[in-house]
Asker: 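Below is one structure. I have some questions about it.
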Amino acid sequence: MSGLLGTSSSAAAVLSSRSISFSSSSSKSSIRALSFNPGKSQGRRFYGGIGVPVRKGRSHFSISNVATEISPAQEQAQKLSKENQRPVYPFAAIVGQDEMKLCLLLNVIDPKIGGVMIMGDRGTGKSTTVRSLVDLLPEITVVAADPFNSDPEDPESMGMEVREKLMKGEQLPTIKTKINMVDLPLGATEDRVCGTIDIEKALTEGVKAFEPGLLAKANRGILYVDEVNLLDDHLVDVLLDSAASGWNTVEREGISISHPARFILIGSGNPEEGELRPQLLDRFGMHAQVGTVRDAELRVKIVEERSRFDKNPKEFRETYKVDQEKLQEQISAARSCLSAVQMDHELRVKISKVCAELNVDGLRGDIVTNRAAKALAALKGRDQVTTEDIAVVIPNCLRHRLRKDPLESIDSGLLVIEKFYEVFS
């Protein structure tokens, strides 16, 4: 990693006039039910739902919780399931691809950079590298038993339930959990991504149940889309909407439910299979290009390492345990000191001048470049951004924003580098 380090909005939620109150149980898994019976809510059980009982003659909504105990056998099964999960290739064992690894690390340090778009040849380790990031993800504080991973200190990252409790002055139970990585399959339906309201229960049981989707699970985490350039247009629209506002709103059968959906969007794909829509491409904070390794010795090393991992994943992971732990500590330290990193006003002006002279639309390029440069300085253990930091990150932050025609290919970054040296010299 030494080579790597050396070289390389939110809109407020739409709150309806109906007040929604939530309750939770720390010792039980909450299952929320929405009931239509006048004056009381039904105690019907169903899994993964949020419910709002409607009282006759009133437009006031309230929440009824039905909790189920988790048996010791179920707890043991969950534990065994986690232990037997498919082993992940260690991030520290990835050979080469420094640009891609740096972009991923900077986004872990500062999630507000806005994600990474990784494009390159097939078989170059794009998906392997992204999924190996799981082991390095730090822990965050979330509200216990909350399906949206609400931040107890940030109102913009709180679900309705948590926000109502906070307004009432209630104590919020919190736990530490690792940042979540959610895979978005290409064949996913819109209901699975956004969440859905079960109309069948409304017809058969008089209950309306909201089932949170992948966007709820990805809140404050990472949403990874492999082969993102093949994603259906209707799902692209959903991602654009959530990425723009930081909230996901589900409108079904006269009921509107909003929840926070702030995530690091990571996509990977092969440019030969099709390009991304410019609107979605601009939502990615950084862009990394991955090429096939041409050095014969390096190729042999990659093949040997992969063979060792396939033969005995557990033993292979143990050999990189120390390197992984060092990298985790470095990321944790960088996240802690990120707020203390400073950048001179003169450097900010020059960054904006580069963006202006390259005719970059909007201000996202300026914002992302500033954030990425600070994250790189924090990763290197410094509290001041240097010109070298900006030189490393500015091609990744701007080159995918230069396209004006969807048929044009993404610039390799040479134009950005030339303009950078022209302005900063």
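None of the values given here were measured: they were computed from a predicted structure.
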Asker: Indicate yes or no: does E315 engage R308 in a salt bridge with an N to O separation below 4.0 Å.
Answerer: no
Asker: Taking the side chain from S336 and the backbone from S332, do they hold a donor-acceptor pair closer than 3.5 Å?
Answerer: yes
Asker: Give the intermediate values and the outcome of side chain to side chain donor-acceptor pair (under 3.5 Å) for residues S268 and Y224.
Answerer: CA-CA 8 Å; S268 61; Y224 175 49; 2.6 Å; yes
Asker: Salt bridge check, K374 against D110: does any charged N sit closer than 4.0 Å to a carboxylate O?
Answerer: no
Asker: Under the salt bridge (Lys or Arg N to Asp or Glu O under 4.0 Å) test, which residues partner R192, sequence neighbours left out?
Answerer: none
Asker: Which heavy-atom pair separates M119 from N270 by the least distance, and what is that distance?
Answerer: CE-C, 4.0 Å
Asker: Can any side-chain N or O of N219 pair as donor or acceptor with the backbone N or O of R262 at less than 3.5 Å?
Answerer: yes
Asker: So with a 6.0 Å cut-off around NE2 of H234, is the heavy-atom count from everything else above 12?
Answerer: yes
Asker: If you take all heavy atoms of L398 and G365, which pair is closest and at what distance?
Answerer: CD2-CA, 3.7 Å
Asker: Where the side chain of S425 meets the backbone of E422, is there a donor-acceptor pair that is under 3.5 Å apart?
Answerer: yes
Asker: Hey, does M100 have a side-chain heavy atom less than 4.5 Å from the side chain of Q97?
Answerer: yes
Asker: Would you say R131's side chain and M181's backbone share a donor-acceptor pair under 3.5 angstrom?
Answerer: no
Asker: Among pairs that include at least one residue of residues 320-343, which meet ring-ring contact (aromatic ring centres under 6.0 Å, His included), considering only residues two or more places apart or in two chains?
Answerer: F316-Y320
Asker: Is it the case that the side chain of N107 and the backbone of P111 share a donor-acceptor pair, with hydrogens and angles ignored and the cut-off at 3.5 Å?
Answerer: no
Asker: For R317, check side-chain hydrogen bond (donor to acceptor under 3.5 Å, both in side chains) against everything at least two apart and list the hits.
Answerer: D135
Asker: Could you go through the side chain to side chain contact (heavy atoms under 4.5 Å, CB included) check for L215 and V182 one step at a time?
Answerer: CA-CA 9 Å; L215 293 180; V182 178; over 6 Å; no
Asker: Only counting residues at least two apart or in another chain, list the ones meeting salt bridge (Lys or Arg N to Asp or Glu O under 4.0 Å) with E325.
Answerer: none
Asker: The criterion is salt bridge (Lys or Arg N to Asp or Glu O under 4.0 Å); which residues satisfy it with E297, sequence neighbours excluded?
Answerer: none
Asker: What residues form a side-chain hydrogen bond (donor to acceptor under 3.5 Å, both in side chains) with N396, not counting sequence neighbours?
Answerer: E99
Asker: With Q328, which residues qualify under side-chain hydrogen bond (donor to acceptor under 3.5 Å, both in side chains), at least two apart?
Answerer: none
Asker: Under a 3.5 Å cutoff, is there a donor and acceptor pairing between the side chains of T386 and D389?
Answerer: yes
Asker: Suppose we screen for ring pair (Phe, Tyr, Trp, His ring centres under 6.0 Å). Which residues come up paired with F263, at least two apart in sequence or across chains?
Answerer: none
Asker: Applying salt bridge (Lys or Arg N to Asp or Glu O under 4.0 Å), name anything that partners K217, two or more places apart in sequence or on another chain.
Answerer: none
Asker: Can you confirm whether more than 12 heavy atoms, excluding those of K178, are under 6.0 Å from its NZ atom?
Answerer: yes
Asker: How would you list, by chain and number, every residue that makes a side-chain hydrogen bond (donor to acceptor under 3.5 Å, both in side chains) with T292, sequence neighbours excluded?
Answerer: D121
Asker: Is a donor on one side and an acceptor on the other found under 3.5 Å between the side chain of R220 and the backbone of N149?
Answerer: yes
Asker: Ignoring hydrogens and geometry, is there a side-chain-to-backbone donor-acceptor pair from D383 to V341 under 3.5 Å?
Answerer: no
Asker: Are the charged groups of R401 and D361 less than 4.0 angstrom apart, N to O?
Answerer: no
Asker: Got a donor-acceptor contact below 3.5 angstrom from the Q324 side chain to the F91 backbone?
Answerer: yes
Asker: Not counting sequence neighbours, which residues clear ring pair (Phe, Tyr, Trp, His ring centres under 6.0 Å) with F424? List them please.
Answerer: F420
Asker: Backbone N or O of L379 within a donor-acceptor pair of the Q330 side chain at under 3.5 Å?
Answerer: yes
Asker: With no hydrogens and no angle check, do the side chains of T141 and T174 hold a donor and an acceptor under 3.5 Å apart?
Answerer: no
Asker: Kindly indicate, with the supporting measurements, whether the criterion side chain to side chain contact (heavy atoms under 4.5 Å, CB included) is fulfilled by L265 and L280.
Answerer: CA-CA 10 Å; L265 185 60; L280 182 58; 4.3 Å; yes
Asker: If we ignore hydrogens and angles and just use 3.5 Å, is the side chain of D232 paired with the main-chain N or O of L235 as donor and acceptor?
Answerer: no
Asker: What salt bridge (charged side-chain N to carboxylate O under 4.0 Å, His left out) pairs are there with at least one residue in residues 333-359, not counting sequence neighbours?
Answerer: E346-K350, E357-K419
Asker: How close do A372 and L106 get, counting heavy atoms only, and between which atoms?
Answerer: O-CD1, 4.0 Å
Asker: V393 versus V368: any side-chain heavy-atom pair under 4.5 Å?
Answerer: no
Asker: Quick one: pull up CG in L105 and CD1 in I331 and give me the separation to the nearest 0.5 Å.
Answerer: 5.0 Å
Asker: Please state whether the rings of F148 and H259 are parallel, tilted or perpendicular, taking 30° and 60° as the class boundaries.
Answerer: parallel
Asker: Would you please test V416 and L402 for side chain to side chain contact (heavy atoms under 4.5 Å, CB included) and show each step?
Answerer: CA-CA 9 Å; V416 178; L402 303 184; 3.9 Å; yes
